[in-house]
Amino acid sequence: MFAITGITGNVGGEVARNLLAAKQPVRGVARDVSKCAAWAQQGCEIVGADISDAAALTSAFKGAKGVFVLVPPNFDPSPDFREARAIAATLRKALDTARPGKVVYLSTIGAQAAQPNLLTQHTIIERMLGDLPLPITFLRAAWFMENSSWDVAPATSSGVIPSFLQPLDKPVPMIATADIGRVAAALLQETWSGHRVVELEGPHRVTPNEIATTFSRLLGRPVKMEVVPRDTWESLFLSQGMKNPTPRIRMLDGFNEGWIEFAGGEAGSRKGNVALETVLRSLIERAGKP
């Protein structure tokens, strides 16, 4: 049996669907079990556990052949990343006590970066789990293509998408959640010892301009990217309600300046199959746009 955290989300759901397709038993782990009715109907065992509850997580992980761990994103962490440190300690305690057969932890590109940024939260968790006596795979995924869900509205309303990724012709490693789910499910069914890192990105790297061009083709109207000036980011993020925008700003700097990258570079990463156009078409359909 495989325990899947975040089963009600995009990535966790993809992991579960791939395991079920492989005729593997699945235990769905969710904070709100009322959202899991469809999974229960597909034969999944459902258990409730919050990422901050060590006892509940231990119970959810106990007896599992493998565990997929996904930590809810925090886009506005405290300056000392105390939230990530607390989650790391909770996960470590639960995994050390439950001792599942293996673990796949969804981490991120740039988890090895020395400069503090939003992704440092995963660096902290990787390090905390790093000496557990369990087979652990740190699946370091690229920028999610699904982040373009925020681009659908401006693409359809004005034809101008504001871009924090810049310059607009700089290729960025991106990945579809469908590929993450497929690869994570496959990794869970593998046998390995110790700890390993798997770096994952899409079929090719994507520029912001390519995102605009793809939207234009799908929508049948001109769409372009427009750079959001770097010196406006802090005031903009503060106006949107963020308390500590520095980590997010530094993450964007890392992608734009190139120091957020895979340890093995583009040549060393595993490649997914899902194209950008497939993801953007799905996002447009989901938004109910023509």
Side-chain angles (χ1 to χ4, degrees), residues 2-7 9-15 18 29 51-52 57 61 66-75 77 81 83-96 100 102-132 134-147 172-188 190 192-202 247-248 250-252 254-255 259-266 268-272:
F2 294 96
I4 310 300
T5 65
I7 194 170
N10 289 334
V11 177
E14 289 290 345
V15 177
N18 279 274
V29 183
I51 199 68
S52 62
L57 287 177
F61 297 162
V67 173
F68 175 73
V69 177
L70 180 152
V71 173
N74 181 359
F75 298 107
F81 298 108
E83 300 90 351
R85 297 184 195 282
I87 288 173
T90 299
L91 281 174
R92 179 186 170 83
K93 182 177 181 180
L95 290 169
D96 195 27
K102 67 194 84 167
V103 178
V104 173
Y105 173 76
L106 182 59
S107 187
T108 180
I109 183 175
Q112 80 288 355
Q115 301 187 48
N117 68 92
L118 193 65
L119 306 182
T120 298
Q121 297 172 95
H122 291 288
T123 308
I124 290 167
I125 296 172
E126 279 198 20
R127 288 175 179 169
M128 183 70 78
L129 303 183
D131 61 353
L132 282 174
L134 294 168
I136 300 178
T137 295
F138 296 111
L139 178 55
R140 294 181 179 173
W143 181 283
F144 286 16
M145 291 181 186
E146 281 79 3
N147 288 338
V172 178
M174 297 188 183
I175 186 70
T177 56
D179 274 330
I180 298 174
R182 177 181 54 80
V183 171
L187 292 172
L188 282 168
E190 293 179 0
W192 74 93
S193 60
H195 299 169
R196 62 179 180 172
V197 171
V198 173
E199 300 180 315
L200 179 65
E201 61 179 307
R248 183 181 178 189
R250 291 301 292 150
M251 177 193 70
L252 292 167
F255 277 102
W259 51 265
I260 288 182
E261 175 58 276
F262 291 123
E266 184 174 5
S269 66
R270 187 176 298 197
K271 307 301 188 290

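Because the structure is a prediction, the values reported are computed rather than measured.
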Chemist: Is it the case that the side chain of Lys102 and the backbone of Leu187 share a donor-acceptor pair, with hydrogens and angles ignored and the cut-off at 3.5 Å?
Modeler: no

Chemist: Could you check whether any side-chain heavy atom of Phe262 comes within less than 4.5 Å of a side-chain heavy atom of Val197, counting everything from C-beta outward?
Modeler: no

Chemist: With a 4.5 Å heavy-atom cut-off, do Phe75 and Met251 have their side chains touching?
Modeler: no

Chemist: Heavy atoms, side chains only, cut-off 4.5 Å: are Glu201 and Ile109 in contact?
Modeler: no

Chemist: Checking Thr137 now: which residues fulfil side chain to side chain donor-acceptor pair (under 3.5 Å) with it, not counting sequence neighbours?
Modeler: Arg196

Chemist: Not counting sequence neighbours, which residues clear side chain to side chain donor-acceptor pair (under 3.5 Å) with Lys271? List them please.
Modeler: Ser269

Chemist: Where is the tightest heavy-atom contact between Leu70 and Thr5, given as atom of each residue plus distance?
Modeler: N-OG1, 2.8 Å

Chemist: Can you see which heavy atom on Phe68 is nearest to which on Val11, and at what distance?
Modeler: CZ-CG1, 3.8 Å

Chemist: With side chains defined as the heavy atoms from C-beta onward, is the minimum distance between Leu132 and Arg92 less than 4.5 Å?
Modeler: yes

Chemist: What pairs of residues pass the salt bridge (charged side-chain N to carboxylate O under 4.0 Å, His left out) test when at least one of them lies in residues 105-130, not counting sequence neighbours?
Modeler: Glu126-Arg140

Chemist: So, using salt bridge (charged side-chain N to carboxylate O under 4.0 Å, His left out) as the criterion, who are the partners of Glu146 when residues are at least two apart?
Modeler: none

Chemist: I'd like to check Ile51 versus Thr90 (side-chain heavy atoms, cut-off strictly below 4.5 Å). Are they in contact?
Modeler: no

Chemist: Taking only residues two or more places apart in sequence, or in another chain, which ones meet Glu266 in a side chain to side chain donor-acceptor pair (under 3.5 Å)?
Modeler: none

Chemist: Taking side-chain contact (heavy atoms from CB on, under 4.5 Å) as the test, write out the residues that go with Arg182, two or more places apart.
Modeler: Asn18, Asp179, Asn273

Chemist: Quick one: does Thr123's side chain have a donor or acceptor within less than 3.5 Å of a partner on Gln112's backbone?
Modeler: no

Chemist: Locate the shortest heavy-atom distance separating Asn117 from Leu119; write the atom from each residue and the value.
Modeler: OD1-N, 2.8 Å

Chemist: Please evaluate residues Val198 and Arg270 with respect to the criterion side-chain contact (heavy atoms from CB on, under 4.5 Å), reporting the C-alpha separation (whole Å), side-chain torsions for both, the decisive distance (0.1 Å), and the verdict.
Modeler: CA-CA 7 Å; Val198 173; Arg270 187 176 298 197; 3.9 Å; yes

Chemist: Got a sec, which residues hit salt bridge (charged side-chain N to carboxylate O under 4.0 Å, His left out) with Arg250, two or more places apart in sequence or on another chain?
Modeler: Asp253

Chemist: Who passes side-chain contact (heavy atoms from CB on, under 4.5 Å) against Ala141, sequence neighbours left out?
Modeler: Leu106, Phe144, Ile175, Ile180

Chemist: According to side chain to side chain donor-acceptor pair (under 3.5 Å), who are the partners of Arg85, at least two apart in sequence or on a separate chain?
Modeler: none

Chemist: Start with the C-alpha gap between Leu188 and Ile4, add the side-chain angles, then the distance that decides, and say whether side-chain contact (heavy atoms from CB on, under 4.5 Å) holds.
Modeler: CA-CA 10 Å; Leu188 282 168; Ile4 310 300; 4.1 Å; yes

Chemist: Between Leu95 and Pro100, what is the shortest heavy-atom contact and its length?
Modeler: O-CD, 3.7 Å

Chemist: Of all residues at least two apart in sequence or in a different chain, which pass the ring pair (Phe, Tyr, Trp, His ring centres under 6.0 Å) check with Tyr105?
Modeler: His122

Chemist: List the atom of Gly272, the atom of Leu200, and the distance in Å for their closest heavy-atom pair.
Modeler: N-CD1, 4.1 Å

Chemist: Could you state the interatomic distance from CG (Leu139) to OG (Ser107), rounded to the nearest 0.5 Å?
Modeler: 8.5 Å

Chemist: Mind checking what makes side-chain contact (heavy atoms from CB on, under 4.5 Å) contact with Pro77, not counting sequence neighbours?
Modeler: Asn74, Phe81, Glu83, Leu118, Gln121, Pro247

Chemist: Nearest 0.5 angstrom please: Asp96 CG to Phe61 CZ, how far?
Modeler: 12.5 Å

Chemist: Taking all non-hydrogen atoms of both residues, which atom of Leu129 and which atom of Ala88 are closest, and how far apart?
Modeler: CD2-O, 4.3 Å

